[in-house]
Amino acid sequence: DFSSERLYNWSVNAGLQFYLGGRKPGTLTDLDRAYLNKFKGGFKGLQWIIEPSLNYISFDDKSNFRDTYLIGAYAGLDFNNADASTMPTVVEGKINTSEGVASISDINGDLLLYSDGITVWDRNNNVLTNGSGLGGDPSSTQSVLILPDPASGENFYILSASGTSYTWSVAKVVATGGAVITKNQSYPGATGSSEKQTAIPKASGDGYWIITGSGNTAYIHELTSSGIHFVKSQNMGFALDIYGEMQFSPNGDKFVIADYNGSQVGVFDFDITTATFSDLITISPGFISYGVAFSASQQYLYIGSGNSQN
């Protein structure tokens, strides 16, 4: 008795590297050099790397397919019984990765699967049979999405993005665990190559639109009961830079892309019936753009930086 027309995924990523007086020849970025100059007076040779990451798929508020977050540092949070006065429950995970992860729960809110796009685990933190060696990457912004198979309540599509390719696998979940039954398949038609991917339910309710891309081109596929199909490509007039996120608004009528190299953000209208983007608005926040997310009310757009300034 809940709507199937609301699904969105988001991720929170933060990267911070301290080389406090140390140096790694040939590997320093401009940001690393800035930290070296700032901290070179103390804590010789100490290096800290902090990169928490989270990628989440959220369903309709009346559904319990949501609200379990597995974070890339062996931990997670279960929000099923949380409210304004009750903290979420800490849950254990096996993921240790620097960027994109995803998880999905059953209709009762119990965790089913989670993945970093490379390995997939069940609710008991066991790797699924044939569940390693998927096509993601530990440094891919949106390395993985998990979508229910419209044709089966037991199967789930695991969509992996490595930055150089997009692949999909299918996991079958049963009471005793599960297995990856189809692995590292190429998309039909074109997908481009990027660390960006996202999805939204179709207006018809029979599946999902999947968005990938590279250059200035978005590639639209659909997932239905008969599998993944190429629909079309569209020139966005805006760079789908390899780094950074792209996301839908909660109701699916807005779409946002972070252009990391261009230090800008593109906001589009989206027709959820025809899967067409229009009416680009460009925002220049004044810093390198990496993470993007709409508020639940859709009144606000949050932009996260890819550097130390914001």
Side-chain angles (χ1 to χ4, degrees), residues 1-11 55-63 65-67 102 104 141-142 144-151 156-159 161 166 168 187-192 194 196-214 216-238 240 244-259 265-283 291-303:
D1 61 352
F2 56 83
S3 169
S4 64
E5 297 183 2
R6 180 180 176 217
L7 178 151
Y8 60 96
N9 73 85
W10 55 271
S11 60
N55 202 22
Y56 177 60
I57 296 178
S58 177
F59 292 81
D60 187 282
D61 282 338
K62 297 179 183 178
S63 165
F65 278 107
R66 57 191 179 88
D67 287 350
I104 193 165
T141 309
Q142 292 174 292
V144 59
L145 298 176
I146 303 176
L147 298 175
D149 183 350
F156 295 85
Y157 278 77
I158 302 171
L159 312 181
Y166 292 99
W168 60 270
Y187 280 68
T191 60
S194 173
K196 293 175 165 67
Q197 60 173 346
T198 192
I200 194 77
K202 298 173 62 181
S204 58
D206 64 349
Y208 306 91
W209 299 121
I210 301 169
I211 312 300
T212 62
S214 64
N216 287 354
T217 303
Y219 299 94
I220 298 99
H221 290 74
E222 62 175 350
L223 170 60
T224 67
S225 59
S226 60
I228 293 177
H229 311 281
F230 178 71
V231 177
K232 62 181 178 179
S233 61
Q234 181 177 339
N235 188 315
M236 303 292 278
F238 186 88
L240 279 78
E245 293 180 310
M246 58 184 181
Q247 304 288 358
F248 283 103
S249 61
N251 69 1
D253 66 0
K254 297 290 184 183
F255 182 78
V256 60
I257 304 170
D259 175 11
V265 170
V267 182
F268 297 82
D269 288 339
F270 182 72
D271 187 322
I272 201 168
T273 301
T274 64
T276 302
F277 301 94
S278 62
D279 299 326
L280 168 64
I281 298 173
T282 301
I283 301 171
V292 288
F294 290 94
S295 65
S297 67
Q298 304 189 148
Q299 291 182 299
Y300 302 101
L301 172 64
Y302 298 98
I303 304 170

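No experiment lies behind these values; they were computed from the predicted model shown.
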Task: Pair Gln298-Asp253, side chain to side chain contact (heavy atoms under 4.5 Å, CB included): steps then yes or no - done: CA-CA 10 Å; Gln298 304 189 148; Asp253 66 0; 4.0 Å; yes

- [ ] Applying side-chain contact (heavy atoms from CB on, under 4.5 Å), name anything that partners Ala190, two or more places apart in sequence or on another chain.
- [x] Tyr219

- [ ] Please round to the nearest 0.5 Å and tell me the distance separating atom CG of Leu301 and atom CD1 of Ile281.
- [x] 10.5 Å

Open item on the list: Once salt bridge (Lys or Arg N to Asp or Glu O under 4.0 Å) is applied, do any residues pair with Asp206, and if so which ones, sequence neighbours excluded?
Closed with: Lys202

Open item on the list: As an exercise, state the distance from CD1 of Ile257 to NZ of Lys196, rounded to the nearest 0.5 Å.
Closed with: 7.0 Å

Task: Residues in ring pair (Phe, Tyr, Trp, His ring centres under 6.0 Å) contact with Tyr302, at least two apart in sequence or another chain - done: none

Task: Closest non-hydrogen atom pair between Ser194 and Ala161, with its separation - done: O-CB, 4.0 Å

Task: Worked verdict on Ile210 versus Leu147 for side chain to side chain contact (heavy atoms under 4.5 Å, CB included) - done: CA-CA 10 Å; Ile210 301 169; Leu147 298 175; 4.2 Å; yes

TODO: Determine whether Leu223 and Pro150 make a side-chain contact, defined as any pair of heavy atoms from C-beta on separated by less than 4.5 Å.
DONE: yes

Task: Separation of Ile200 CD1 from Ile211 CD1 (nearest 0.5 Å) - done: 9.5 Å

Task: Results of ring pair (Phe, Tyr, Trp, His ring centres under 6.0 Å) for Phe255 - residues two or more places apart only - done: Phe248, Phe277

- [ ] Work out which heavy atom in Ala203 is nearest to a heavy atom in Thr273; give both atom names and the distance.
- [x] CB-OG1, 3.7 Å

Open item on the list: How long is the straight-line distance from OG1 of Thr282 back to CZ of Phe238, given to the nearest 0.5 Å?
Closed with: 5.5 Å

Task: Pairing residues for Ser295 by the side-chain hydrogen bond (donor to acceptor under 3.5 Å, both in side chains) criterion, not counting sequence neighbours - done: Ser297

Task: For Ala151 against Ser225, the heavy-atom pair lying closest together - done: CB-O, 3.3 Å

Task: Pairing residues for Thr276 by the side-chain hydrogen bond (donor to acceptor under 3.5 Å, both in side chains) criterion, not counting sequence neighbours - done: Lys232, Thr274

Task: OG1 on Thr191 to CD on Gln197, rounded to 0.5 Å - done: 10.0 Å

Open item on the list: Quick check: closest heavy atoms across Leu240 and Thr217, and the distance to 0.1 Å?
Closed with: CD2-O, 3.7 Å

Open item on the list: For the NZ atom of Lys254 and the CZ atom of Phe294, what is their distance to the nearest 0.5 Å?
Closed with: 7.5 Å

Open item on the list: I want to check something: taking the side chain as every heavy atom from C-beta on, are Pro188 and His221 in contact at a cut-off of under 4.5 Å?
Closed with: yes

Open item on the list: So which atom in Tyr157 and which in Gly227 form the shortest heavy-atom distance, rounded to 0.1 Å?
Closed with: OH-CA, 3.6 Å

Task: Residues which pass side-chain contact (heavy atoms from CB on, under 4.5 Å) with Ser278, listed by chain and number, not counting sequence neighbours - done: Asp269

Open item on the list: Taking the side chain as everything from C-beta on, heavy atoms only, tell me whether His229 gets closer than 4.5 Å to Thr224.
Closed with: yes

- [ ] Determine, stepwise, if the pair Tyr166 / Leu159 fulfils side chain to side chain contact (heavy atoms under 4.5 Å, CB included).
- [x] CA-CA 7 Å; Tyr166 292 99; Leu159 312 181; over 6 Å; no

Task: Side chain Trp209, main chain Ile220, donor-acceptor under 3.5 Å - done: no

